[in-house]
Amino acid sequence: MEEKSNFILNIVEKDVAAGTNDGRVHTRFPPEPNGYMHIGHAKAILLNYSIARDFGGKFNLRFDDTNPVKEEQEFVDSILEDIRWLGADWEDRLYFSSDNFDVKYEFALRLIEAGRAYVCDLSQEQTREYRGTLTEPGRESPYRSRSIKENLDLFMRMKRGEFAEGSRVLRAKIDMASGNLNMRDPVLYRILHAPHHRTGEKWCIYPMYDFDHPFSDTLEGITHSLCSIEYSNHRPLYDWIVEQAVELIPERVKCRSRQYEFARLNLSHTIMSKRKLRRLVEEGHVQGWDDPRMPTIAGLRRRGVTPEAIADFCDRIGVARADSVVDLAMFEHCVREDLNSKAHRVMAVLEPVKVVITNWPEKEVEWLEIENLPGDEQAGSRQVPFGRETYIEREDFMEDPPAKYHRLAPGKEVRLKGAYAVTCTEVIKDEAGEVVELRCTYDPATRSGQDISGRKIRGVIHWVSAQHALPATVRSYDHLFAVSDPEQVEEGKDFTSNINPNSLMINSGCYVEPSLAAAEPGSRYQFMRKGYYCMDWDSTLDNLVFNLTVSLRDSWTPGK
RNA sequence: UGGGGCGUCGCCAAGUUGGUAAGGCACGGGACUUUGACUCCCGCAUGCGUAGGUUCGAGUCCUGCCGCCCCAGCCA
């Protein structure tokens, strides 16, 4: 009914209507291969991809690999995998900034020839001093007036490797008095005697982001270059570079690319900075980049979150320019909604207590048919064994229950889901007073689907046949950070002090129904009345391992 | 005290040329229920940072305040 609307869509619609760039829409996602993708990146990836898709345009994937010191092939591989998994299709347009280092060098030469760039010999420290401050204008470098001939010579020798790292840079000649520090003769190229993960030893000068990015966009014909808010200050420089390219190297320019900024995603109870996520991994607060508690794409995938849920989430949070923090509950809602419609229902008991049905024949086993996905006949059904001994959840029994406790208690009757109604007749405890076994009787007239007892049975609990149960380990997760804003800390502490010590809980003595013997790692289920779980790759034949994706909503408040 | 942004319900977020505040999440209430799940109903901003102004009429225009974010890498 209501169309989704945001300022970027409005811009694109207007451009298409006006025939800007011949009505063409071309976006890109430009990751730097120096870390893993997280859900914040997913927002950017999906935004770029969906705009191209929805307007019949194109979407490129371009690695921004202009800093060999920080970048590695390992990250290229993981990023490729994550973006593919998210479903953003770059078709045959996978690019690397480094693929065009030659053209970029040529562009730089023309900038020098036009008198708009110069080689500067100031040290890094001096450069900083000359740049001025936020409130005071900068001073022009003494090297700013070098002749074009000398600049050309010096730059070519920089490329040949004649100079030490840090000894010289190529700078744009713009305006040292600009209120925007990015315009105070920004560095275009620096010397880095470091091997590049793709170009190897070929180059020892590397372009800076501000020079490389806009030019790459024009080379690829990117019409709408979307990035996050902190690049707003760079837009004047982006436009300057595009203008220079249009004028000085028009044969390579496919269009006048334009940059638009939107607010990056922040999630409550979560951190999104690559640096801090790295610390969580390196300091052992989590077990790796794909730890299910991590907001990384790899972590979410291992947790059991689907790409569809992520896409739906990104769709719902919208796109705007205002800083914001989205409630994690919003994300969890999207995950539940998606899984609710596709995860098959099975039974698993996480903290088992044995139930013996005293009036059930010793060796008899009855196979009950239970539907896989109520409301969806296509999903079929399966046979689940029921016998004299079963396990139920420890929390589904209370010796002295509060009012409206629709579960098992002495003398009370509940239905074992898909099977019979049982009544608790005896509670057996150990010396410590811990309940170790419950004795019940069942009523044959209450067989699921053929209940002729005429009684209305309120409580329904899940169970697993003891004789057929499969042992399993279930890992339950809570928010990695106990507080909404992990960055809010006391004096002298940092975000790690907000780590939730109980974010991981491992239950190793669990039992799951036998149908799960056929489950595959990565497959998702709803453990009835508990939550959604994903089989982990750590699973073995004699011990299945499941990760909690998200629990079911639970509106039951004891005593109320 | 420079420049660039942003401020609409607890959290996100729509709001054409000014015409009388969408939607989602969360929350509360109810119905249904062999998952206390799902689903379905109902409720939830006389007010859009704030103070003025223009106007028949302003979240939308003007002015002044207030608050928050970003920028002084040879990182991206």
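A, B, ... follow the sequence lines: proteins, then strands. Residue 1 opens every chain.
Between N266(A) atom CG and C12(B) atom P the separation is 9 Å, expressed in whole Å. The separation between E332(A) atom CD and A37(B) atom C1' is 15 Å, rounded to whole Å. Separating the CZ atom of F527(A) from the P atom of U35(B) is a distance of 19 Å, rounded to the nearest angstrom. Distance CZ (R278(A)) to C1' (A76(B)): 13 Å, rounded to an integer number of Å. In this entry the distance linking CG of D239(A) with C1' of G4(B) reads 14 Å, nearest Å. If you measure from atom CE of M330(A) to atom P of C27(B), you get 13 Å, rounded to the nearest angstrom. The OH atom of Y260(A) sits 17 Å away from the C1' atom of G5(B) (whole-angstrom rounding). Per the geometry, NE2 belonging to H269(A) stands 13 Å off P belonging to C12(B), to the nearest Å.
Within the structure, a side-chain polar atom (N or O) of R190(A) is placed less than 4.0 Å from OP1 or OP2 of C75(B). Between T557(A) and the phosphate of G36(B), there is no side-chain N or O to OP1/OP2 separation shorter than 4.0 Å. Between R529(A) and U34(B), a side-chain N or O to OP1/OP2 separation shorter than 4.0 Å is absent. Under 4.0 angstrom from either OP1 or OP2 of C38(B) there lies no side-chain N or O belonging to R345(A). Contact annotation: S324(A) side-chain N/O to A13(B) OP1/OP2 distance is under 4.0 Å. For G36(B), neither phosphate oxygen OP1 nor OP2 lies less than 4.0 angstrom from any side-chain nitrogen or oxygen of H406(A). Between C74(B) and N67(A), no contact under 4.0 Å exists linking OP1 or OP2 to a side-chain N or O. Note on K456(A): a side-chain N or O is less than 4.0 Å away from OP1 or OP2 of U34(B). Listed pair R407(A) / U34(B) fails the phosphate criterion, with no side-chain N or O lying under 4.0 Å from OP1 or OP2.
Set against G7(B), A76(B), A72(B), the side chain of T133(A) has A72(B) as its closest nucleotide. Here the side chain of T127(A) is nearest to one of G36(B), C71(B), C74(B), namely C74(B). Here the side chain of R553(A) is nearest to one of A76(B), C38(B), C69(B), namely C38(B). The S5(A) side chain lies nearest to G15(B) when the options are A76(B), G15(B), G36(B). When distances are taken from the side chain of N6(A) to each of A14(B), C71(B), C75(B), the shortest belongs to A14(B). Of the candidates U34(B), C25(B), U35(B), U34(B) carries the atom nearest the K417(A) side chain, counting heavy atoms from C-beta on. Counting only heavy atoms from C-beta on, R321(A) has its side chain closest to G5(B) among U34(B), C27(B), G5(B). Side-chain atoms of V460(A) lie closest to G36(B) of the nucleotides G36(B), C75(B), C69(B). Residue S232(A) places its side chain closer to G4(B) than to any other of G4(B), G73(B), A14(B). The side chain of W556(A) approaches G36(B) more closely than any other nucleotide in the set G36(B), U34(B), A76(B).
At the heavy-atom level, V169(A) lies under 4.0 Å from base atoms of the strands shown. Here F63(A) lies out of heavy-atom contact (under 4.0 Å) with every strand. No contact: R184(A) has no heavy atom under 4.0 Å from any strand. Among the atoms of the strands shown, base atoms are found under 4.0 Å from some heavy atom of L122(A). Among the protein residues, L134(A) comes within range of the nucleic acid bases, having at least one heavy atom under 4.0 Å from a base atom. At the heavy-atom level, V69(A) lies nowhere under 4.0 Å from the strands shown. Using a 4.0 Å heavy-atom cutoff across all strands shown, Q124(A) reaches at least one base atom of the nucleic acid. Among the atoms of the strands shown, only primed sugar atoms or phosphate atoms (P, OP1, OP2) are found under 4.0 Å from some heavy atom of N10(A). Contacts of Y231(A) with the nucleic acid, taken as non-hydrogen atoms under 4.0 Å apart, include base atoms. Within the 4.0 angstrom heavy-atom criterion, no nucleotide atom of any strand lies near E136(A). In this structure, R264(A) reaches neither bases nor backbone, as no heavy-atom distance under 4.0 Å exists between it and the strands shown. Nucleic acid contact class of G449(A) (heavy atoms, under 4.0 Å, all strands): base.
The aromatic rings of Y391(A) and Y511(A) sit parallel, their planes meeting at an angle under 30°, below the 60° perpendicular limit. The aromatic rings of Y231(A) and Y209(A) sit tilted, their planes meeting at an angle between 30° and 60°.
Pair check for A14(B) finds none; no Watson-Crick or G-U wobble contact set falls under 3.5 Å. Pairing for G43(B) goes to C27(B), judged as Watson-Crick or G-U wobble with the two contacts each under 3.5 Å. The nucleotide G2(B) finds its pairing partner in C71(B), both defining distances of the Watson-Crick or G-U wobble pair being shorter than 3.5 Å. Using N1 to N3 plus N6-O4 or O6-N4 for Watson-Crick, or N1-O2 and O6-N3 for G-U wobble, each under 3.5 Å, G64(B) pairs with U50(B).
Inspection of the Q526(A) and Y532(A) side chains reveals an N or O donor paired with an N or O acceptor under 3.5 Å. Inspection of the E230(A) and S228(A) side chains reveals an N or O donor paired with an N or O acceptor under 3.5 Å.
Look at G24(B): its glycosidic torsion is beyond 90° from 0, and that puts it in the anti range.
Between E162(A) and R168(A), no side-chain nitrogen of the basic residue sits less than 4.0 Å from a carboxylate oxygen of the acidic one, so the salt-bridge criterion is not met.
Two rings, from F63(A) and F75(A), have their centers 6.0 Å or more apart. Between Y189(A) and Y206(A), the ring centre distance reaches or exceeds 6.0 Å. Within the 6.0 Å centre-distance limit, the rings of F155(A) and Y105(A) are counted as a close aromatic pair.
Between K530(A) and M208(A), the residue anchored nearer the 5' end of RNA chain B, judged by the nucleotide with its closest heavy atom, is K530(A). Nearest-nucleotide positions on RNA chain B for I461(A) and S123(A) put I461(A) closer to the 5' end.
N233(A) contributes a side-chain N or O that forms a donor-acceptor pair with the base of G3(B) under 3.5 Å. No donor-acceptor contact under 3.5 Å links the side chain of T135(A) to the base of U1(B). With hydrogens and angles ignored, no donor-acceptor pair closer than 3.5 Å exists between the side chain of H462(A) and the base of A37(B).
Nearest heavy atom pair, residue N372(A) against residue S381(A), reads OD1-N, 3.4 Å.
The number of heavy atoms from other shown groups lying within 6.0 Å of CG (D400(A)) does not exceed 12.
Taking the P atoms as reference points, C69(B) lies 15 Å from U8(B), given to the whole Å.
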